[in-house]
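Before any comments, here is the structure.
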Amino acid sequence: MLACFCHFLFLMQRCGATENIANANCRCGFTYVRQIFYIFIVSMFSSQVFADKNIVPTSIISENKVCIQCHENENKQLINDWRNSAHAKIIPVVDCISCHGGIHEDAVVKSRHDQTCIPCHGGKEASVVHSYSSSKHGTLMKLEKNSYDWNLPFVLANYRAPGCGYCHMHKSNHNVSTTVRHDLMNDLETKYVTDSMSTVCQDCHSPRYISRLFSNGEGMLEIARKKYREANNLIEQATTEFGAEKLATANRQLMKMQQHLRNVYLGAGHQSPDYQWWHGQPALDGDLLRIKDNLGELRRLGK
Amino acid sequence: MSKKPPRYIWVPLIIALISVPAGFIYVNWNKGGEGAGLYSRQWLPEAIFAYWNPKEFYQSVDTVVGEFSGEQCIECHSALTPGIVNDWKKSLHSQLSEKVFCNDCHGSNHEQLHMPTPDVCGSCHTTQHEQFQDEKRFGFPSHALAMERALDAKHFVDKPKAEVTACLQCHSVATKCDSCHTRHKFSAAEARRPEACLTCHSGPPHPDDETYFHSKHGQLYLAEGETWDWSKPLRKGNYPAPTCAYCHMDEGKHQVANKSIWKFGIKQINPLTSGNEIKRKQWINLCSDCHEADWSEDRLKEMDKERKRAWNKLYLAEKILKELRADNYLYPLAKERPPYPTDSAKDLMQYERIGFFEGQASAFYNTSAIERDYFEMWYFENLAAYKGSAHGDPSFIIKGHDAMDKSLEKIKRKAEKLHTLGEDEKDKGRRENPEKLWFNGEYTEYNREHN
């Protein structure tokens with residue numbers, strides 16, 4: 001509307017309207033003179049900027065900036081969210097076309113499926129994907145995905161089982177980074193799920209259940225950290241005693257612990273019993289005792 | 001004149017008469033605490049456990065006051081938790097002439113809500129509930145005994161609660177029906193699909209998912225399962241290839257463990273006892289839905305052979321470990337390992353647990369590395385081979401046996417090393433004290449006090 005109003009005045013001016021109008025301020029903060037300049041510049045670079053909302057590109061879109069030209073006007077928040085996300089910061093950039101494809105017609109519906117995320121996140125076998133697909137949510141998704149209406153947005157339990165997008169891009173949140181933890185060893189950041197995620201579950205589960213589950217998940221992750229720190233401290237002490245070279249085996253085991261710690265996190269986040277347990281806690285127990293065994297052997301040999 | 005019975009009769013008799021009731025009373029006394037299971041006096045549940053074992057631990061929310069009808073529940077919860085209401089609307093419960101509403105299972109008083117237990121579902125679904133409870137007579141492993149098994153396990157009770165919540169997510173199959181018939185749709189068709197089982201039946205000790213999907217049966221399911229009519233009962237002619245439930249819950253029977261011969265592969269059994277012969281016949285009968293009886297019998301025999309091969313390997317490893325134990329060459333010894341919260345009888349019962357019957361199931365933490373190697377060989381590699389064998393996936397048989405061969409070599413080498421180190425220390429008369437390494441540390445110290 002605002003744009004139309006401005007364009008109307010712009011046309012009036014072209015037709016010889018008074019000087020006063022030209023110097024008055026438009027609601028959007030531009031003087032008419034500046035607006036003419038603005039429209040002129042933009043129209044130089046894009047033929048789409050004047051496009052009516054209902055007129056959408058029909059040819060295959062090959063560049064991200066084509067999408068942004070229109071969508072920044074439509075939903076600036078969405079574009080900014082994406083700009084703040086890890087997707088926009090990594091190289092190569094995960095841009096609009098990476099997920100939505102180049103065909104405007106089914107761009108949104110297509111991108112809502114889990115297959116959009118899986119190839120970049122390690123494929124089916126990767127722990128981040130497998131921890132989800134082995135959860136109850138994941139198995140239900142596998143069984144029911146063909147019966148869902150993928151035209152619907154990720155809100156209000158429109159999907160019986162949540163897929164990647166339902167939780168990580170809830171209400172079209174394009175800053176996926178707000179939904180994941182980055183530094184798993186940082187125990188000051190006690191929440192294994194971020195605040196923006198905690199409301200998502202309430203579409204289906206009771207607030208008390210969610211809060212108990214979350215606090216349990218935090219506890220679970222802290223236990224895993226305790227195991228890691230115990231091993232790390234032992235190795236640090238041993239390094240001063242025996243030198244770094246002799247600790248190669250122990251350090252390799254410590255690296256496995258990082259993976260197993262991550263499994264606990266993924267298991268708690270995706271609610272996969274296997275990742276919380278067999279790929280997580282008992283695996284960490286095994287790492288810890290093997291590190292102790294290795295250091296014990298060094299001590300016994302060193303005597 | 002009757003002769004006084006000899007001492008070797010009346011002394012054991014009196015001992016038995018005293019100790020059996022005393023044992024019975026002691027066990028029951030242990031179960032009478034505020035927690036649950038054998039350790040109910042030493043262990044209390046975490047808040048989240050209310051949802052895994054509602055019968056024992058669930059307490060209602062008291063944030064909303066009043067009595068509500070089913071329609072009223074739906075009215076509020078359509079906005080509060082739309083997912084639940086959507087599910088219910090799709091369920092059979094909402095389509096009956098006499099609808100089953102929220103309050104029929106959860107109660108009407110919002111301050112005294114309950115979380116439905118199998119008994120609640122069983123009040124209508126009597127056959128299934130009776131069958132499910134009847135499974136208990138087949139012993140563990142079984143669904144119906146899964147929660148008891150967890151709560152009575154020392155390694156469950158000893159570890160921090162936040163850690164072992166992971167266990168209850170699967171072991172709660174005994175205490176709530178929605179493990180398979182997910183809430184609030186409670187669909188029988190959904191529970192018939194293999195995917196309904198695999199959230200729990202996956203991972204290193206029970207790769208049922210991978211072995212089934214690799215098998216010819218599973219490949220057929222993956223290729224055409226989408227087109228099968230899952231509303232049909234699990235019986236001959238209804239499905240072109242068998243699924244988890246088709247074989248283990250034939251005719252929809254809820255005694256899932258009723259035909260279990262090898263008992264999860266965790267111990268060696270005699271597959272030819274009279275009881276197992278009956279089960280073998282039941283299996284052959286089931287396979288006969290598609291296969292010839294002789295052919296099916298041969299497959300069972302093959303499995304027996306594979307199991308024998310596996311146990312021969314496991315016993316070799318067990319022998320090595322028991323020799324080390326006899327020589328006191330395990331490092332650290334059981335008495336040199338940190339104590340746990342429920343270790344009351346620690347000084348009486350201290351020995352390294354080697355083999356299934358000594359409680360090896362707990363040997364995945366707080367043991368020496370070589371014992372853990374054997375644990376993994378027994379619980380991961382052996383069971384992978386077993387599942388491959390049982391589900392018709394040759395790749396897992398090969399993988400499992402290869403891994404066991406490697407583990408056996410590793411255990412042999414490690415044992416030699418421990419032997420040399422132990423002998424050296426004996427000669428010198430000075431043993432490196434493992435306490436400094438094994439007793440201290442953040443997790444170990446935390447777990448000493450907290451379960």
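Letters A, B, ... are given to chains in the order of the sequence lines, protein chains preceding strands, and every chain is numbered from 1. For clarity, every value in this text was computed on a predicted model and none was experimentally measured.
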Query raised in the report: Parallel, tilted or perpendicular for F375(B) and W278(A), by the 30°/60° rule?
Result: parallel
Query raised in the report: Within a reach of under 6.0 Å around NZ of K90(B), are more than 12 heavy atoms found that belong to other residues, nucleotides or ligands?
Result: yes
**Report entry** Within 6.0 angstrom of H137(A) NE2, more than 12 heavy atoms from elsewhere
**Finding:** no
Contact class of [X] relative to chain B, heavy atoms under 4.5 angstrom:
X       : answer
L284(A) : neither
N294(A) : neither
E144(A) : side chain

Query raised in the report: Is the closest basic N to carboxylate O distance between D285(A) and K159(B) below 4.0 Å?
Result: yes
Find the one option among [options] whose heavy-atom pairs under 4.5 Å with chain A are most numerous.
options                            : answer
R372(B), K436(B), E226(B), R193(B) : R372(B)
C200(B), P205(B), C170(B)          : P205(B)
N366(B), D373(B), V85(B)           : D373(B)
T63(B), L421(B), I84(B)            : L421(B)

Query - Stacked cation flag R183(B) on Y209(A), 6.0 angstrom / 45 deg - result: yes
Using modelled atom types only, decide if a donor and an acceptor are shared between the side chain of [X] and the backbone of [Y] within a distance under 3.5 Å.
X       : Y       : result
K185(B) : R160(A) : no
Q202(A) : L80(B)  : no
E163(B) : M220(A) : no
N216(A) : I48(B)  : no

Query raised in the report: How far apart are the C-alpha atoms of R300(A) and E425(B), what are their side-chain angles, what is the distance that settles it, and do they pass the side-chain contact (heavy atoms from CB on, under 4.5 Å) test?
Result: CA-CA 8 Å; R300(A) 294 174 89 189; E425(B) 284 180 339; 2.9 Å; yes
Requested in this report: Compare every heavy atom of I223(A) with every heavy atom of P160(B), then report the nearest pair and how far apart it is.
Outcome: CB-CD1, 3.4 Å
